[in-house]
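The structure under discussion appears below in the form of structure tokens.
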Amino acid sequence: SDKVGGSIVTQIISAVMVLASGAVGYVMMQAYGSAAPEQYFPAFLGLFILLFTASGIGNGSTFRTIGVIFDRQQAGPVLGWTSAVAAYGAFIAPVVIGQQIKAGTPQLAMYGFAVFYALCLVLNWWFYLRGNADVKNP
């Protein structure tokens, strides 16, 4: 993020997270309908590792972006608020996945996350990367 820009890294990582979440949902759906669900475990594990890695990289690029967009007085409170939202996300994601597992449709949680990440991708592009964005932050 320091070399190529926080918004560019966030954009790429958001696309990776959309694809990984959708793929995890698909793998979970296949496993639930299979007589041998364990055959899907390596793909499931690999995709979740990709998703967690991308999440960590996205976290870093987001915090890098905040330091560029806001001045010193504003950056601290914005970083604090962003940390609180991120902590809530770390709480709510397992709850949503757990509820969907109980319902027998865990893939719906992952598809929902993919939609959320796609929305994040569009918002990042709109506010920071499009040609006439108010805040140009590559």
Side-chain angles (χ1 to χ4, degrees):
S1 294
D2 289 336
K3 293 185 186 217
V4 298
S7 294
I8 291 172
V9 172
T10 301
Q11 193 73 359
I12 293 166
I13 289 302
S14 294
V16 168
M17 291 175 76
V18 167
L19 296 173
S21 292
V24 167
Y26 178 77
V27 167
M28 291 172 97
M29 184 178 63
Q30 294 299 310
Y32 261 70
S34 174
E38 63 275 1
Q39 71 183 349
Y40 294 98
F41 184 73
F44 172 82
L45 181 63
L47 288 166
F48 248 101
I49 289 172
L50 175 63
L51 195 55
F52 286 136
T53 301
S55 177
I57 294 168
N59 183 31
S61 66
T62 299
F63 280 86
R64 166 33 169 96
T65 299
I66 290 169
V68 170
I69 294 171
F70 296 95
D71 64 29
R72 286 185 162 262
Q73 285 185 314
Q74 293 175 323
V78 172
L79 287 168
W81 183 84
T82 303
S83 297
V85 171
Y88 182 70
F91 162 76
I92 197 68
V95 170
V96 171
I97 293 170
Q99 288 174 342
Q100 290 303 308
I101 287 172
K102 286 179 184 174
T105 55
Q107 72 275 9
L108 295 181
M110 300 313 298
Y111 295 152
F113 292 141
V115 169
F116 171 75
Y117 298 138
L119 175 63
C120 293
L121 186 124
V122 170
L123 289 173
N124 183 65
W125 171 80
W126 179 263
F127 285 104
Y128 306 118
L129 292 174
R130 68 185 166 98
N132 57 347
D134 291 337
V135 179
K136 200 68 174 152
N137 175 38

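It should be emphasised that the depicted structure is a prediction, and the values quoted were computed from it without experimental measurement.
Closest heavy-atom contact between A54 and I13: O-CG2, 3.0 Å. The minimum heavy-atom distance between V27 and A43, with the atom names listed, is CG2-CB, 4.2 Å. Here the shortest heavy-atom pairing between G89 and P94 reads O-CD, 4.4 Å. Residue A114 comes nearest to G22 through the heavy atom pair CB-N, 4.0 Å, listed as atom of the first residue, atom of the second, then distance. Here the closest non-hydrogen pair linking P37 and A31 is CB-O, 3.3 Å.
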Derivation of the side chain to side chain contact (heavy atoms under 4.5 Å, CB included) call for R64 and V9: CA-CA 10 Å; R64 166 33 169 96; V9 172; over 6 Å; no
- List the steps and the verdict of side chain to side chain contact (heavy atoms under 4.5 Å, CB included) for Y128 and I69. CA-CA 10 Å; Y128 306 118; I69 294 171; 3.1 Å; yes
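The NZ atom of K102 sits 13.5 Å away from the CD1 atom of I97 when rounded to the nearest 0.5 Å. Note that CD of Q74 and CG of L79 are 11.5 Å apart. Values are rounded to the nearest 0.5 Å. Here the CG atom belonging to L50 is positioned 9.0 Å from the OG atom belonging to S21, to the nearest 0.5 angstrom. Taking CG of L121 as the reference point, atom CD1 of I12 lies at 10.5 Å (rounded to 0.5 Å). In this structure, the separation between CD on Q99 and CD1 on I92 is 7.0 Å, given to the nearest 0.5 Å.
When hydrophobic side chains of Ile, Leu, Val, Met, Phe, Trp and Tyr are connected at separations under 4.5 Å, Y26 ends up clustered with M29, L108, Y111.
Side chain of S55 to main chain of L51: no donor-acceptor pair is present (N/O by atom type, distance under 3.5 Å, no hydrogens or angles). A donor-acceptor pair under 3.5 Å is absent between the side-chain atoms of S34 and the main chain of Q30, judged by distance alone. No donor-acceptor pair closer than 3.5 Å links the side chain of N124 to the backbone N or O of L129.
The environment of CD in E38 is crowded: more than 12 heavy-atom neighbours from other residues, nucleotides or ligands sit within 6.0 Å. Surrounding CZ of F63 are more than 12 heavy atoms belonging to other residues, nucleotides or ligands, all under 6.0 Å away.
Follow the hydrophobic side-chain contacts under 4.5 Å out from V85 and you never reach I66; the two are in separate clusters. Transitive grouping of hydrophobic side chains (ILVMFWY, heavy atoms separated by less than 4.5 Å) brings V95 and M110 into a common cluster.
Side-chain atoms of M28 and T105, non-hydrogen and from C-beta on, never get closer than 4.5 Å to each other. When side chains are defined from C-beta on, P77 does not count as touching W81, because their heavy atoms never get closer than 4.5 Å. Two residues are said to be in side-chain contact when any heavy atoms from C-beta on lie closer than 4.5 Å; I49 and L45 meet this criterion.
Among pairs with a residue in residues 34-59, those fulfilling ring pair (Phe, Tyr, Trp, His ring centres under 6.0 Å) read F44-F48, F48-F52, at least two apart in sequence or across chains.
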